Amino acid sequence: ASFFIATHEEGSDEWTIAFWMERGELQSPGIKGKVESGLSGYIIRNRPPLLFRSIEEIEAFHRNERVEHVGEITCSWMGVPLIAADKIVGVLGIQDYEQEGVYSEQDLVLFSTIAAQVAPALDNMQLLEETRRRAREMEVINEVGQAITSLLELDVVLRQIVDVTKARFGHYFVSIALMEAE
C-alpha cells in the first residue's frame, strides 16, 4: 500500500509530493507531477473525492475522462482534495497494489474528514513559507538599499548589488543592464 500527501499552490500547473509512505517505507518527498495528468491532477482540477475498488474501475475512469496514468497501476485507489479557504492546497491519497476492494464509501467519508483537518494546517504551512521567502527577499532589498546609500561611485554600487544578490539567492550569474536616456 502507499499513502501520500501532494501539495499544490494556487495558479501552479504542478503538484508536489510532500509526504509519501510506500509499502511501509518513507520515501523522499519532492516528486512533482503536472495537474493535467494522473488522478491527483484530476482531483486538483475538478475537486471531487475519488474511490476505485478495482483495476477495471481505474482503467475505465482513465479512458472515459482521458486522464493520463501516473506511476504504477493499482488495484484499489482513494483520493480526496485538500481544500482550505475555498482553494485546493493538495490531495490526500492512498492506494493498494495487491488487493481490489480495499477501500469503501465509509473509508472515503473518514478520509474526507481527515482531509478537512489537514488542509488548513497545510495551507498555514504554505503561507508561513511564503512569508519567510518574502522576508528573505526584503532583507536582500534592504541590504542592496544600504549598499547603494553608502557608496557613491556607480560601478562600485553595481558590483555591490550583484555580489549581495548572488550571495543571498545563491545564483551563479547576476547581471544589471543600464539604459541610456535616449
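Nothing fancy with the numbering, it's 1 onward along the sequence. Model, not experiment: these values are computed from the prediction.
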Taking atom types as modelled, find out whether Gln106 and Ser104 have a side-chain donor-acceptor pair closer than 3.5 angstrom.
yes
Thr7 vs Trp15 side-chain heavy atoms within contact, under 4.5 Å
no
Answer yes or no: is there a side-chain heavy-atom contact under 4.5 Å between Phe61 and Tyr42?
yes
Any heavy-atom pair between the side chains of Lys34 and Asp13 that's under 4.5 Å?
yes
By side-chain hydrogen bond (donor to acceptor under 3.5 Å, both in side chains) - contacts of Arg23 (at least two apart)
Glu72
Is there side-chain contact between Phe19 and Ile17, with heavy atoms separated by less than 4.5 Å?
no
Distance-only check: which donor-acceptor pairs under 3.5 Å involve side-chain atoms of residues 88-96, not counting sequence neighbours?
residue	atom	partner	partner atom	Å
Gln95	OE1	Trp77	NE1	3.0
Gln95	NE2	Ser2	OG	3.4
Gln95	NE2	Tyr97	OH	3.2
Asp96	OD1	Glu98	N	2.8
Asp96	OD1	Gln99	N	2.8

Side-chain heavy-atom pair His69, Glu59 within 4.5 angstrom cut-off
yes
Out of curiosity, does Val118 fall in the hydrophobic cluster containing Phe3 (side-chain heavy atoms, cut-off under 4.5 Å, transitive links)?
yes
According to a hydrophobic-cluster definition based on side-chain heavy atoms being under 4.5 Å apart (Ile, Leu, Val, Met, Phe, Trp, Tyr only), do Val80 and Ile83 belong together?
no
Quick test of your reading of the model: are Lys87 and Glu9 salt-bridged, counting only N-O distances below 4.0 Å?
no
Which atoms form the tightest heavy-atom contact between Asp86 and Arg47, and what is the distance?
O-NH2, 3.0 Å
So do Ser40 and Phe4 actually touch side chain to side chain, heavy atoms under 4.5 Å?
yes
